[in-house]
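Worksheet: one structure, shown below.
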Protein chains: 2
Amino acid sequence: MAAKEAPKQRDAEATKGRILSAAKVEFAKNGLAGARVDEIADRAKANKRMIYHYFGNKDDLFQAVLEEAYVDIRTAEQKLELDHLPPREALEKLVRFTWQYYLKNPEFITLVNSANLHKARHLKHSKVIEVVSRKFVTMVGGLLDRGVAEGVFRPGIDPVQLNITIAAIGYYYLTNRFTGSIVFERDLTAPEALDERLQFNIDTVLRLVCITP
Amino acid sequence: MAAKEAPKQRDAEATKGRILSAAKVEFAKNGLAGARVDEIADRAKANKRMIYHYFGNKDDLFQAVLEEAYVDIRTAEQKLELDHLPPREALEKLVRFTWQYYLKNPEFITLVNSANLHKARHLKHSKVIEVVSRKFVTMVGGLLDRGVAEGVFRPGIDPVQLNITIAAIGYYYLTNRFTGSIVFERDLTAPEALDERLQFNIDTVLRLVCITP
DNA sequence: CAATGAAGTAACCAGATGGTGCATTAGCGG
DNA sequence: CCGCTAATGCACCATCTGGTTACTTCATTG
């Protein structure tokens with residue numbers, strides 16, 4: 001039948017996608033309250049009416065953006081295949097990945113901050129989040145167990161606390177890089193500064209987890 | 001004559017103070033864009049006109065709130081008198097303090113997040129911040145040096161990185177406690193959970209800094 | 001090919017929101 | 001007790017903003 005990928009003049013999926021991307025940018029830049037629906041429509045090269053047609057209202061659009069952001073990071077994490085690596089290298093790879101993901105996807109951080117400003121009410125009843133999150137926690141738990149079994153990791157470490165710490169030491173540095181650069185009178189965004197921070201973080205985590213760092 | 005502390009009907013300082021407190025609450029709860037000037041006026045039991053009279057505009061008011069928040073935490077830190085303690089205990093005390101300050105002053109975290117969403121433009125030319133920050137960095141730097149001299153801390157640790165890490169492992173947990181509770185399917189705000197996190201953080205920092213944790 | 005429903009558009013609206021003009025009044029110095 | 005300055009209050013405005021109404025255009029299919 002129709003040409004497989006004929007450039008349709010009307011394409012619901014494409015429009016929806018453009019709106020979602022545009023919304024991600026706008027929400028990340030200005031927060032939920034600061035984001036402007038008109039601006040999203042413009043950036044998406046769509047009519048504002050389409051936003052309400054596909055997503056209902058501003059809040060629901062934000063929720064859709066947020067869910068997509070979580071699915072994206074969790075999907076990327078699953079592709080790490082940490083099982084194929086010795087525990088210590090796997091752990092280092094996870095710290096590296098987390099840092100680099102935040103660095104390459106700065107909007108993720110801002111979106112999560114906005115979600116938390118609103119006490120995560122946009123995720124509270126999201127089934128998608130539940131599913132992808134569970135796989136993620138399991139992954140790190142498995143890695144810890146394996147490391148303990150092989151005698152390289154300390155036993156008794158709570159995988160949730162470790163997860164939080166790995167995220168924290170990267171996330172905090174990056175969200176607060178603007179105030180941080182002022183407080184510490186040092187450009188925290190310079191490439192060398194970023195490299196230095198990653199090394200420090202790897203060191204921190206290895207010292208926390210490994211028996212002989 | 002009137003009693004020494006006669007409640008004046010007109011009191012510029014008091015009104016200014018009420019506006020500042022009210023603004024802190026409102027900005028912390030809703031962010032810069034989400035905060036409502038009328039709501040601030042109501043909460044301060046002041047007329048909206050007064051806000052513009054004393055602070056100029058919404059942005060300048062936000063800046064005033066932010067500066068006060070920074071001065072407050074830095075002042076509290078200076079009162080710790082870490083010099084009077086052995087390095088190891090001093091470090092633990094600092095980690096404890098940071099955690100508890102965030103817990104007791106949750107608005108600090110949200111305000112800093114808002115400031116960073118706006119790339120810290122509200123602090124960029126603030127002289128106050130510069131002064132209080134410098135004293136703070138010096139304090140931790142001094143502690144590290146002393147610990148190294150006494151042979152209990154590893155040498156070569158960057159005080160800025162350490163500062164950031166101490167803040168990060170508490171701050172991240174607390175800002176993201178809402179999404180975190182969903183992702184990890186565990187109530188991160190329960191008192192036991194908070195205690196557990198503090199212990200984990202102390203452990204993390206001591207392992208990072210001390211020669212024999 | 002007509003009809004049908006979905007995709008898309010433009011103009012519009014009501015309420016909210018940051019910000020002001022101006023009159024009023026308290027309190028202090030003289 | 002007077003007059004001046006700074007504190008306060010009210011009413012008001014211009015604009016913005018999320019959301020909607022009413023309409024057109026396209027693509028598919030019976």
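Keep in mind that this is a model prediction, so the values were computed, not measured. Below, each value reflects all heavy atoms present in this structure, side chains not excepted, and no hydrogens, waters or symmetry copies. Convention: sequence-line order gives letters A, B, ...; per-chain numbering from 1.
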task: Name every residue in residues 34-62 of chain A that has at least one heavy atom under 4.0 Å from any atom of DNA chain D, in order of residue number, or write none if there are no such residues.
output: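 Under 4.0 Å from DNA chain D: A:A35, A:R36, A:V37, A:K48, A:R49, A:Y52, A:N57, A:K58.
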Throw together a table of side-chain donor-acceptor distances under 3.5 angstrom for residues 104-115 of chain B, partners on residues two or more places apart or in other chains.
unit_1 : atom_1 : unit_2 : atom_2 : d
B:N105 : ND2    : B:Y101 : O      : 2.9
B:T110 : OG1    : B:P106 : O      : 3.2
B:N113 : OD1    : B:Y171 : OH     : 2.7
B:S114 : OG     : B:T110 : O      : 3.4

statement: By side-chain hydrogen bond (donor to acceptor under 3.5 Å, both in side chains), B:K48 pairs with (sequence neighbours left out) B:D38
- prompt: How would you list, by chain and number, every residue that makes a side-chain hydrogen bond (donor to acceptor under 3.5 Å, both in side chains) with B:H53, sequence neighbours excluded?
  reply: none
[X] [atom1] - [N] [atom2] separation (whole Å):
| X | N | atom1 | atom2 | result |
| --- | --- | --- | --- | --- |
| B:N30 | C:dA16 | CG | P | 16 Å |
| B:D11 | D:dA7 | CG | P | 10 Å |
| A:I19 | D:dG19 | CD1 | C1' | 15 Å |

statement: Taken in chain and number order and not counting sequence neighbours, the residues that satisfy salt bridge (Lys or Arg N to Asp or Glu O under 4.0 Å) with A:D145 are none
- request: For the pair A:K58 (side chain) and A:A35 (backbone), establish whether a donor and an acceptor sit closer than 3.5 Å, ignoring hydrogens and angles.
  value: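 Pair found, side chain donor or acceptor close to backbone of A:A35.
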task: Ignoring backbone atoms, test whether A:T15 places a side-chain nitrogen or oxygen under 4.0 Å from the OP1 or OP2 oxygen of C:dG8.
output: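 Looking at the OP1 and OP2 atoms of C:dG8, one of them is under 4.0 Å from a side-chain N or O of A:T15.
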field: Pairs touching residues 163-172 of chain A that satisfy salt bridge (Lys or Arg N to Asp or Glu O under 4.0 Å), sequence neighbours left out
entry: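 Not a single pair qualifies under salt bridge (Lys or Arg N to Asp or Glu O under 4.0 Å).
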